[in-house]
Structure formats: C-alpha cells, structure tokens
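The structure appears below as structure tokens.
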Amino acid sequence: MAQKVLITGGAGFLGSHLADELLARGYRVLVLDNLDPQVHGPQPKRPDYLDADVELIAGDVRDRGMVRHALRGVDAVYHFAAAVGVGQSMYEVVHYTDVNNRGTAVLLEALIEQPVERLVVASSMSLYGEGLYRTPTGALRTVGERTLDQLRRADWDWRAEDATPLAPVPTPESKAPALASVYALSKFDQERMCLMIGRAYHIPTVAMRFFNAYGPRQALSNPYTGVLAIFASRLLNANRPTIFEDGCQRRDFVSVYDIARACRLALETPAAAGEVFNVGSGNAYTVREIAQRIAYVLGREDLEPEITGKYRAGDIRHCFADIAKARSVLGFEPQVSIDAGLTELAAWLEGQAAVDRVAQASAELAARGLTV
Ligand code: UD2
C-alpha cells in the first residue's frame, strides 16, 4: 500500500503543489486546511486547482480532535498550515502566534500520541533578517537592521566601519537568525519546536527554509503576496511597476515546482532527519532585473518601472540562499529557470484576470435575472 501523507495547509499555494508532486510519485495525499478566507476568498470552498485525488478535510490545525482524526493511518506529515504575512504579523500578533505557534504545538501533541515516520515543517528565509556579507578583506560579516535615518538619507547599502562596501554573499543555514517580525519569530519557533519534539520522540523531522517562492496559485487576494506577482499584475493592468529603494536589492526567487521537489526529497532522504535546509534557486536577482524580465515576458517593456526611492520599514537589503547543503544531502537541483518560471506565472495571471471578469460578468447577469 502506498504511503499516506498528511499536508496541513495543503490547499494553499505551496501545499497544493506539493500534493501534486507527491501524487505523481504514487503517494496518497490527505490535506487538513481551514480554507482561510484571506487566501480562499469570502465564501471558501475546495479550490479548483486541488487535484481530485487529494482527500480534503476542512478543519483547523488548532483543533485537537480534528488533528487526531486527520492523523489516523498517516505515515508522514508536512506542516504547512500558517498565517504568512510579515507586515500583518506586526499588528495581528495574537492571531499569528495562535495559528503558527499554538497550531504547531497542537499538532506536535497529537504526534506524540500518534507518531509518524517523518515530519517536514515549512520555515522561512525571513528568520535570517539580512543575509550574510563579506568585507573587502574576505571576512564574513553579519549585520543588523538599517536605521530609519539611514533609509531617509537613501543610504541603502551596508558598509564596514571604515566605509568600505560590504558585499552580499549566499546565506547558509548556519547564519544566526535575526528575527525582525512576529512572523519570522513564529517560523523559527515552529521549526525549533518540531525538531525538538521530533528528536525527543524519535520522529525524524526536517525543516525547510523557503526563499521567495513564486508560481501559479499564489494567493493574489492576499495583500501580502510577493513582488513578482505584484509587478506582473501591474503590467497586465497597463501600470508601471513601482520599485522601492534603488532597485538594486537582491533576492532569491524560487519556483514553487522546485520547492515541491525539495520537499519530496526531504521525505525520501534518510540523512535529512534532524536537519534544516535552505530552499532557493541558488541565483540572486535585483528587483530592477526582475522588473525588466517580467516586462519582457509580458511584452510590456514600454512600461518602464518607476524607481521611487521610497522604502518599506523593516525591509532587508539583500538575502539569497546558499543551497549547497540541500544539493549535497537531498540531491536537490533547481530545474525551473527564472525566465521559464516568469513566463508561466504571467500566463497564469492573465488567466486569473479572465476568470475574475467571467465571475463578475456572470454575477451581473444573475443579478439582472439573465441567467438561470
Ligand atoms: C517577504 C518575507 C518572506 C516572504 C516574502 C513573500 C521578509 C524578510 N520576508 O520577503 O518571508 O513572505 O515576503 O514572497 O519580510 N518591492 C518593490 N516594489 C513592490 C513590492 C516589493 O520594489 O511593489 C521590493 C521590496 O522592497 C523588497 C523586494 O521587492 O526589496 C522583495 O519584496 P517582497 O515583499 O516580495 O519579499 P521580501 O523579500 O520582503
């Protein structure tokens, strides 16, 4: 009998792609998801994109009874259920702590009673804060948070004490966390709690630190979606993308398909137990480069990005992944190039707009009594 895998939060962006990846490899997939209206809309229902072979339980990971029920007959668990807005976590503190921290605690208590062969938890690059830097003499450096004064002066980049520029380098898992949001704190908490309980109760556990994920099914209704989808949506609506700072900040944009593959490998690789892995593309692009590439794939290079010089408080300057560990231990190799990934994202976004218009048109017809 094929292994049965539970994905909490499996109706969401990352979880549903993981479900596809697992089903394609012959696993049976069960999803526990509360179909949060912020992600799934005001009248939540099973998302159309969720594969018909996925067994869906609509329920909350904070509900003990529901979690116990979902764990019956399950061989492995992916814990992806979480509230995911960095900015929002700074005012909905109770909600984020409740869903992310307590939700994980409830799941872990249930797992102590009903252990599984593997637990994989979704963590985030946000817990690094700024990425790792190198001085001109080659020494590695960690930095803190840029001050508001510095940002007001449009002094974007990090420098050493003697004013020489610091160069960003790929960030490895060993970089100490620098938790700058309730969200980042909750992700760190989730990964530590899972690894700790996993170790104590012999549940082989793996934590995956995702970098900037993108791809079809990104929750566009969620105002906290990433820069790629924001730029693409602006271009599709004939608006110029708006770039903060000078656009030279760098990130690691990783395709959701590569994330799904890395997560499957975390299930199938015995040596991954007890470990933490960065999941990125291994490439870094500036926000400017990204704006250009999206405009190119959409054929809207006429809509040049507007470089505002404004800034978002709490933004980091650079962070991109060192994926050497995932490569060597998991045998992970990113397969989706940025151009292929963006082309697909853009095609999907165009389809989304069409669907929205269709829904609106149908509603209008219905309101006028023109449809049955
Ligand atoms: C945040 C989260 C990360 C994940 C991600 C969503 C942190 C440290 N991390 O990462 O965990 O949730 O969001 O993919 O907060 N930008 C523009 N114009 C725009 C929007 C963004 O220039 O219209 C810039 C922004 O200032 C930043 C970069 O694009 O420098 C990336 O922004 P983001 O919100 O996509 O992601 P990031 O890295 O802040």
Side-chain angles (χ1 to χ4, degrees), residues 5-23 29-63 65-67 69-70 77-89 91-92 94-100 102-104 106-107 121-122 124 183 186-187 190 210 212-226 228-230 232-233 236 256-257 259-260 263 344-345 347-363 366:
V5 179
L6 169 66
I7 309 174
T8 71
F13 168 45
L14 301 182
S16 67
H17 281 281
L18 172 62
D20 292 347
E21 169 78 17
L22 294 175
L23 287 170
V29 177
L30 171 67
V31 160
L32 174 68
D33 197 300
N34 71 348
L35 303 175
D36 184 347
Q38 180 157 302
V39 176
H40 297 274
Q43 264 116 38
K45 60 168 187 51
R46 183 185 173 107
D48 294 337
Y49 57 67
L50 198 62
D51 192 292
D53 288 336
V54 170
E55 187 189 337
L56 173 67
I57 303 177
D60 201 295
V61 75
R62 291 164 292 180
D63 179 336
M66 199 64 101
V67 172
H69 166 67
V77 173
Y78 285 92
H79 182 35
F80 280 30
V84 296
V86 174
Q88 193 176 38
S89 77
Y91 51 90
E92 293 194 7
V94 171
H95 179 65
Y96 273 74
T97 305
D98 199 51
V99 175
N100 296 2
R102 192 167 71 84
T104 304
V106 170
L107 173 67
V121 58
S124 166
Y183 172 73
S186 75
K187 279 287 153 189
Q190 284 191 317
F210 304 138
N212 296 56
Y214 73 92
R217 306 179 194 165
Q218 271 185 273
L220 301 174
S221 53
N222 186 335
Y224 303 97
T225 194
L228 290 190
I230 294 172
S233 303
L236 286 168
V256 69
Y257 300 103
I259 289 192
C263 290
E344 195 208 8
L345 178 71
W348 175 75
L349 283 166
E350 271 175 319
Q352 284 305 104
V355 168
D356 283 354
R357 278 197 297 275
V358 169
Q360 196 187 344
S362 324

Ignoring hydrogens, what is the shortest heavy-atom contact between [X] and [Y]? Give both atom names and the distance.
X	Y	value
Val256	Gly215	CG1-CA, 4.1 Å
Asp36	Asp33	N-OD1, 4.4 Å
Phe80	Ala122	CD1-CB, 3.7 Å
Asn100	Ala83	OD1-N, 2.8 Å
Val61	Val99	CG1-O, 4.4 Å
Asp51	Arg46	O-NH2, 2.8 Å

Would you say [X] and [Y] make side-chain contact, with heavy atoms under 4.5 Å?
X	Y	answer
Val106	Asp63	no
Leu6	Tyr78	no
His79	Ile7	no
His69	Leu32	no
Leu228	Leu345	yes
Asp98	Arg62	yes
Leu18	Leu22	yes
Leu35	Pro47	yes

Take Gln88 and Gln38 through the side chain to side chain contact (heavy atoms under 4.5 Å, CB included) test and state the conclusion after the steps. CA-CA 12 Å; Gln88 193 176 38; Gln38 180 157 302; 2.9 Å; yes
Approximate separation, where rounding is to 0.5 Å, of [X] [atom1] and [Y] [atom2]:
X	Y	atom1	atom2	answer
Leu50	His40	CG	NE2	9.0 Å
Lys187	Thr104	NZ	OG1	7.0 Å
Phe13	Tyr214	CZ	OH	9.5 Å
Glu21	Ser16	CD	OG	12.5 Å

Does Met66 form a side chain to side chain contact (heavy atoms under 4.5 Å, CB included) with Asp60? I'd like the steps, not just the answer. CA-CA 7 Å; Met66 199 64 101; Asp60 201 295; over 6 Å; no
Indicate whether any N or O donor in one side chain lies under 3.5 Å from an N or O acceptor in the other, for Glu344 and Tyr257. yes
Could you tell me if Arg102 and Thr97 have a donor-acceptor pair between their side chains, going purely by distance under 3.5 Å? no
Between [X] and [Y] (side chain of the first, backbone of the second, donor and acceptor by atom type, cut-off under 3.5 Å), is there such a pair?
X	Y	result
Tyr183	Ser124	no
Asn34	Gly59	no
His17	Pro216	yes

Full working for salt bridge (charged side-chain N to carboxylate O under 4.0 Å, His left out) between Asp48 and Arg217: CA-CA 10 Å; Asp48 294 337; Arg217 306 179 194 165; over 6 Å; no
